[in-house]
J.: 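What follows is a structure written as structure tokens; I'll ask about it next.
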Amino acid sequence: MVTEAYSSEFRRLVPEDAAFSKVATGLTFTEGPVWNYREGYLAWVDIIGDTIWKWIPGEGKSIVMRPSAHANGMTFDDEGRLVIAGWSGRTVWRIERDGTPTTLASHYNGVKLNTPNDIVIKSDGQVYFTDPSNGCHLVGHQGEDLQKYLDYEGVYRLNPESRELTLLNDDMVFPNGLCFSPDESRLYVNDTTQHYIRVFDVLEDGTVGNPRHFADLHGADVGHPDGIKVDTEGNVYCTGPGGVWVMDPEGNHLGLIRTPEPCHNFTIGGGDLSTIFFACRTTIYRMGIKAQGIAVCG
């Protein structure tokens with residue numbers, strides 16, 4: 001069965017006859033998918049393949065950048081530029097409209113970052129990213145410097161104009177995927193190692209407070225918390241054992257989308273923002289749903 005409903009509410013979001021189709025395959029380790037709503041295309045990375053790809057409906061896939069310093073999470077800013085958690089390159093960087101890269105952050109208080117993993121941009125243009133150290137010891141990191149210099153795994157806010165970094169949290173074991181609630185009053189951050197999602201209140205100055213437990217994602221199937229998104233109603237979607245878990249805004253588990261391969265990340269896009277694109281190891285899959293995602297670069 002492709003989907004499993006644990007609540008009748010799940011079928012309002014994901015139809016019983018939902019099915020997967022392939023967008024692109026023959027990849028090595030897909031990650032970081034993001035849909036450019038303004039221009040109508042999907043971008044993603046092949047971390048081990050060291051490539052940033054794009055896919056245009058009706059045209060197919062093409063290379064945006066190779067090599068890509070083994071990039072990981074990606075998003076778009078309000079000018080349509082890709083902003084990237086540079087993982088192996090240990091930076092946060094941006095691809096300008098002319099295709100040149102610009103480094104936005106590489107150090108915090110003079111100390112080299114770990115390996116930036118996932119990234120989102122708030123409506124005011126501020127960049128939020130996670131910085132675990134897994135890239136220093138996982139296969140695929142081709143950098144010369146594998147030393148960890150910070151004694152914590154951080155969550156940061158970056159001002160892309162001043163390049164100032166603000167440390168938001170430093171007590172998670174493996175902060176990974178992150179996203180805002182639709183009204184940006186909450187920031188969700190998952191912890192891959194601990195198999196849970198934490199939620200913070202977003203304060204008026206853009207920092208976060210009131211950290212609390214949102215949901216546990218434990219199970220016997222392969223998979224762990226990694227990519228995370230919300231729909232327009234505030235329901236939370238997160239990779240976990242078996243595929244992508246769907247939870248309501250209170251953290252109740254509504255259902256599961258069982259992916260054909262282990263799923264590391266996903267995005268909600270398409271012309272009507274009702275298609276999930278799944279980054280599943282060697283293949284990008286898609287599935288139509290009833291829920292609607294939030295436009296990136298809208």
Side-chain angles (χ1 to χ4, degrees), residues 13 31-37 42-45 72-78 82-85 92 116-132 154-158 168-169 172 174-192 195-203 206-215 217 224-240 243-251 253-254 257 263-269 273-279 289 291-298:
L13 306 173
E31 248 286 7
V34 59
W35 178 263
N36 185 311
Y37 183 70
L42 179 74
W44 76 89
V45 305
N72 198 331
M74 301 194 300
T75 190
F76 289 100
D77 66 12
D78 61 3
L82 272 172
V83 183
I84 299 158
V92 173
N117 190 301
D118 210 348
I119 191 165
V120 292
I121 297 180
K122 197 166 174 281
S123 60
D124 61 4
Q126 298 294 296
V127 178
Y128 292 67
F129 69 94
T130 54
D131 186 43
V155 181
Y156 294 90
R157 182 187 64 179
L158 164 66
L168 302 177
N169 182 265
M172 297 181 75
F174 186 167
N176 197 332
L178 74 171
C179 68
F180 290 104
S181 60
D183 64 1
E184 298 184 332
S185 66
R186 292 179 166 190
L187 178 68
Y188 298 95
V189 185
N190 63 48
D191 190 310
T192 295
H195 287 264
Y196 75 88
I197 302 170
R198 183 181 288 185
V199 61
F200 301 83
D201 291 334
V202 180
L203 307 180
T207 60
V208 299
N210 189 26
R212 55 204 182 274
H213 200 84
F214 178 73
L217 286 81
H224 49 254
D226 193 336
I228 185 171
K229 302 291 185 294
V230 297
D231 64 22
T232 54
E233 297 179 7
N235 299 299
V236 178
Y237 302 65
C238 187
T239 61
V244 174
W245 292 37
V246 181
M247 293 151 281
D248 68 17
E250 285 70 50
H253 192 186
L254 303 179
I257 302 172
C263 183
H264 308 287
N265 209 335
F266 63 96
T267 193
I268 307 176
L273 293 173
S274 290
T275 299
I276 301 184
F277 294 90
F278 304 86
I289 59 174
Q292 189 172 56
I294 297 172
V296 178
C297 188

J.: If you compare all heavy atoms of V155 against all heavy atoms of P175, which two are closest, and at what distance to 0.1 Å?
T.: CG2-CB, 3.9 Å

J.: Can you check whether G234's main-chain N or O pairs, donor with acceptor, with R186's side chain at less than 3.5 Å?
T.: no

J.: What are the two closest heavy atoms between M172 and N169, and how far apart are they?
T.: CG-OD1, 3.3 Å

J.: In Å, rounded to the nearest 0.5 Å, how long is the span from OG of S181 to CG of D231?
T.: 11.5 Å

J.: Less than 4.5 Å apart, any side-chain heavy atom of E233 and any of L13?
T.: yes

J.: Do you know which two heavy atoms are closest between G177 and D118, and how far apart they sit?
T.: CA-OD2, 3.3 Å

J.: What's the separation between atom OG1 in T75 and atom CZ in F129, rounded to the nearest 0.5 Å?
T.: 14.0 Å

J.: Can you name the nearest heavy-atom pair linking L42 to P33, along with the distance?
T.: CD1-CB, 4.3 Å

J.: State, yes or no, whether a side-chain contact exists between V92 and L158 at a heavy-atom distance under 4.5 Å.
T.: yes

J.: Does D201 form a side chain to side chain contact (heavy atoms under 4.5 Å, CB included) with R212? I'd like the steps, not just the answer.
T.: CA-CA 9 Å; D201 291 334; R212 55 204 182 274; 2.9 Å; yes

J.: Would you check, one step at a time, whether the test side chain to side chain contact (heavy atoms under 4.5 Å, CB included) holds for N265 with T239?
T.: CA-CA 7 Å; N265 209 335; T239 61; 5.5 Å; no

J.: Show the nearest heavy-atom pair for residues C179 and V230, with the distance to one decimal.
T.: SG-CG1, 3.8 Å

J.: CD1 of I228 to CD1 of I197: how many Å apart, nearest 0.5 Å?
T.: 4.0 Å

J.: What pair of heavy atoms forms the shortest contact from S274 to A291, and how long is it?
T.: OG-O, 2.9 Å

J.: First locate atom CG of L187, then atom CZ of R198, and finally report the distance between them rounded to the nearest 0.5 Å.
T.: 11.0 Å

J.: Any sub-3.5 Å donor-acceptor pair from Q126's side-chain atoms to G206's backbone N or O?
T.: no

J.: Once you round to the nearest 0.5 Å, how far does CD1 of I84 lie from CZ of F76?
T.: 9.0 Å

J.: Establish, for the pair K229 and F266, whether the NZ or CZ atom is under 6.0 angstrom from the six-membered ring centre and no further than 45 degrees off its axis.
T.: yes

J.: Starting from the C-alpha separation in whole Å, work towards a yes-or-no answer on side chain to side chain contact (heavy atoms under 4.5 Å, CB included) for F180 and Y128.
T.: CA-CA 10 Å; F180 290 104; Y128 292 67; 3.6 Å; yes

J.: Show your working on side chain to side chain contact (heavy atoms under 4.5 Å, CB included) between T232 and Q292 and close with a plain yes or no.
T.: CA-CA 6 Å; T232 54; Q292 189 172 56; 4.1 Å; yes

J.: Any chance you could measure Y237, atom OH, to T267, atom OG1, to the nearest 0.5 Å?
T.: 12.0 Å

J.: Check whether any side-chain heavy atom of V202 sits under 4.5 Å from a side-chain heavy atom of S185, and report yes or no.
T.: no

J.: Look at the aromatic rings of H195 and H224 and report parallel, tilted or perpendicular, splitting at 30° and 60°.
T.: perpendicular

J.: Should Y37 and C297 count as side-chain neighbours, where that means a heavy-atom distance under 4.5 Å?
T.: no

J.: Can you label the angle between the F214 ring and the Y188 ring as parallel, tilted or perpendicular, going by 30° and 60°?
T.: perpendicular

J.: Tell me yes or no: between the side chains of D226 and N176, is some donor less than 3.5 Å from an acceptor?
T.: yes

